[in-house]
2 protein chains.
Amino acid sequence: MIRLSRLSDYGIVILTRLAREPGRAMAASTLARATAVSTAMTGKILKLLVRADILVSQRGVRGGYALARPPETITVAQIIEALDGPIALTSCADPLVHACGIESLCPARDGWRRINRAIREALAGITLAEMARTVPDVPPPNLETRPRAAASEPAAATIGAR
Amino acid sequence: MIRLSRLSDYGIVILTRLAREPGRAMAASTLARATAVSTAMTGKILKLLVRADILVSQRGVRGGYALARPPETITVAQIIEALDGPIALTSCADPLVHACGIESLCPARDGWRRINRAIREALAGITLAEMARTVPDVPPPNLETRPRAAASEPAAATIGAR
DNA sequence: GGGAAATAGAACCGAACCGGTTCTGTTTCA
DNA sequence: TGAAACAGAACCGGTTCGGTTCTATTTCCC
Ligand code: FES
Ligand code: FES
C-alpha cells in the first residue's frame with residue numbers, strides 16, 4: 001500500500017479547514033480543536049507549512065495562521081512536498097541523487113520517470129480550493145441508519161495521540 | 001516523500017526484465033543475476049507475483065517464471081497492488097474500512113477520494129509494455145563524462161543485500 | 001527410482017524510520 | 001510585565017519493513 005505520511009495527511013486536513021475561510025487567521029489551538037488533531041502535531045505541521053510559504057503566521061497574543069495565498073493556487077503536491085520532501089516514488093526518481101547502483105543494467109530505468117511524472121502531475125492537478133469545496137448535496141447521514149452505534153467509539157476522539 | 005516500497009520497486013524492475021522477452025521463462029536465480037537484486041528477495045517477490053496471477057511458474061528442474069499475460073495488459077497499479085496491497089494514500093481512502101474516527105467533522109473527507117482516484121488512475125495508465133520499451137535513441141553515456149569515478153563504488157553491486 | 005534443481009511457503013530478526021511529545025526561546029499585546 | 005501565542009530543536013519508543021533462513025514439495029534427467 002502506498003501510504004501518505006501522517007504529516008501530510010493531517011496537514012491537508014488542517015489546510016482544508018483553513019481554506020474554508022481563506023482570509024481568516026486561526027490559532028494553532030483552535031485549529032487543533034477544529035480538526036481533532038493533537039495540538040502538538042498541529043503545531044509541528046503549521047510550522048513546516050509556514051517555512052514552505054504556504055501559510056503566514058502572526059506571533060504573540062492574538063496570533064495565528066492564515067493561508068499565504070488564495071487556495072486556488074495551492075496544490076496538494078506543494079503541500080506534500082512541504083511536509084514530506086520531494087515527491088518521488090522510488091530512489092531512482094531523481095537522476096541526480098540516484099542511489100540504486102545498477103542503473104547501467106537496470107531494465108526499468110526510464111520507466112520510473114514515467115511513473116513519477118504521472119504521480120506528480122496527478123497530485124499537482126488538485127488544488128486546495130477543490131479539496132475544500134465539499135459536496136453539499138449529500139446531507140449528513142441520518143444517525144438512525146448508521147451501522148454501529150456511537151456507544152462503542154469514544155466521544156470527541158482525538159487523532160494523533162497515543 | 002511518498003515512497004514506493006522496495007518490494008514493488010524491485011518487483012517492477014524484475015517484471016520489466018521479463019517483459020523484454022514475453023514468451024520466455026526464466027529461473028529465479030537467473031532473474032536475480034540479471035537485475036542485481038538479491039536472490040532471496042527475488043524469490044520472495046516472484047512468489048507473490050505468482051499468487052496474484054501476474055506470473056506463472058513451472059516447478060522442478062528446468063522450472064522458472066514467465067508472464068501470465070501479454071505485458072500490454074499488465075499495469076503498474078496491478079503490480080503494486082499485488083506486492084503491497086491496495087493502493088490507497090490515506091486511511092480515509094476506502095469508505096468501508098474508514099478508521100480515522102473524525103469523519104463527521106473532517107473538512108477534507110471527500111477531497112481524499114479525489115486524490116486517491118487520481119493516483120490510482122495514473123498508476124493504472126502505465127502498462128508493463130510501456131515500462132519495458134526503453135528509449136533506444138539515447139546511447140549509454142560516455143563514461144568519460146561521469147562525475148565521480150567508478151573507483152569509489154564496488155563493482156557489480158548487488159542491491160537488496162546488507 | 002533417486003537425486004539434483006527448482007519453486008512454495010512460512011517464520012524470524014534487526015534496524016531504520018516515523019509519529020508523537022517535550023522543552024526552551026522569542027514575539028506580541030493588553 | 002506577564003500571559004498567550006508561535007519558532008525550533010531535540011528526543012524517544014514502537015511499528016513496520018527489508019532481508020534472511022529453513023523446510024516442504026514438485027519435476028526432470030540420469
Ligand atoms: S532501479 Fe535504479 S535505474 Fe533501475
Ligand atoms: S481524515 Fe478521515 S474523513 Fe477526513
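Sequence lines set the chain letters: A, B, ... in the order given, protein chains first and strands last, and positions in each chain run from 1. Keep in mind that this is a model prediction, so the values were computed, not measured. Values reported hereafter were calculated over all heavy atoms of this structure, with side chains retained and with hydrogens, waters and symmetry mates removed.
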- Message: Mind checking if A27(A) touches a base, just sugar-phosphate, or nothing, with heavy atoms under 4.0 Å?
- Response: sugar-phosphate
- Task: Return yes if some donor-acceptor pair links the side-chain N/O of T30(A) with the main-chain N/O of M26(A) below 3.5 Å, else return no.
- Result: no
- So, T73(A) side chain and R69(A) main chain: donor-acceptor pair closer than 3.5 Å or not? no
- Task: Check every atom of dA4(D), dA4(C), dT21(D) against the side chain of V61(A) and return the nucleotide holding the closest atom.
- Result: dA4(D)
- Query: Starting at the 5' end of DNA chain C, which residue's closest nucleotide do you reach first, R62(A) or L7(A)?
  - Reply: L7(A)
- Message: What verdict does the side-chain contact (heavy atoms from CB on, under 4.5 Å) test give for L31(A) and L46(A), after you've listed the backbone C-alpha separation in whole Å, the side-chain angles of each residue and the deciding distance to 0.1 Å?
- Response: CA-CA 10 Å; L31(A) 276 170; L46(A) 290 170; 4.0 Å; yes
- Message: Taking atom types as they are modelled, would you say the side chain of K44(B) forms a donor-acceptor pair with the base of dG19(D) within the 3.5 Å cutoff?
- Response: yes
- Message: Please confirm whether the shortest side-chain N or O distance from Y65(B) to OP1 or OP2 of dA8(C) is below 4.0 Å.
- Response: yes
- Side chain of A28(A) - closest among dC29(C), dC6(D), dG19(D): dC6(D)
- Message: Under the rule for side chain to side chain donor-acceptor pair (under 3.5 Å), what residues qualify as partners of S8(A), not counting sequence neighbours?
- Response: D84(A)
- Could you tell me whether the side chain of E130(B) and the main chain of T127(B) form a donor-acceptor pair under 3.5 Å? yes
- Query: Reckon G64(A) touches a base, only the sugar-phosphate, or nothing at all at heavy-atom distances under 4.0 Å?
  - Reply: sugar-phosphate
- How close or far is atom P of dG19(C) from atom CD1 of I14(A), stated in whole angstroms? 13 Å
- Quick one: side chain to side chain contact (heavy atoms under 4.5 Å, CB included) partners of R59(B), sequence neighbours excluded? none
- Message: For DNA chain C, which residues of residues 47-59 of chain A approach it to below 4.0 angstrom with any heavy atom?
- Response: Q58(A), R59(A)
- Check whether any side-chain nitrogen or oxygen of S38(B) sits under 4.0 Å from OP1 or OP2 of dT20(D), and answer yes or no. yes
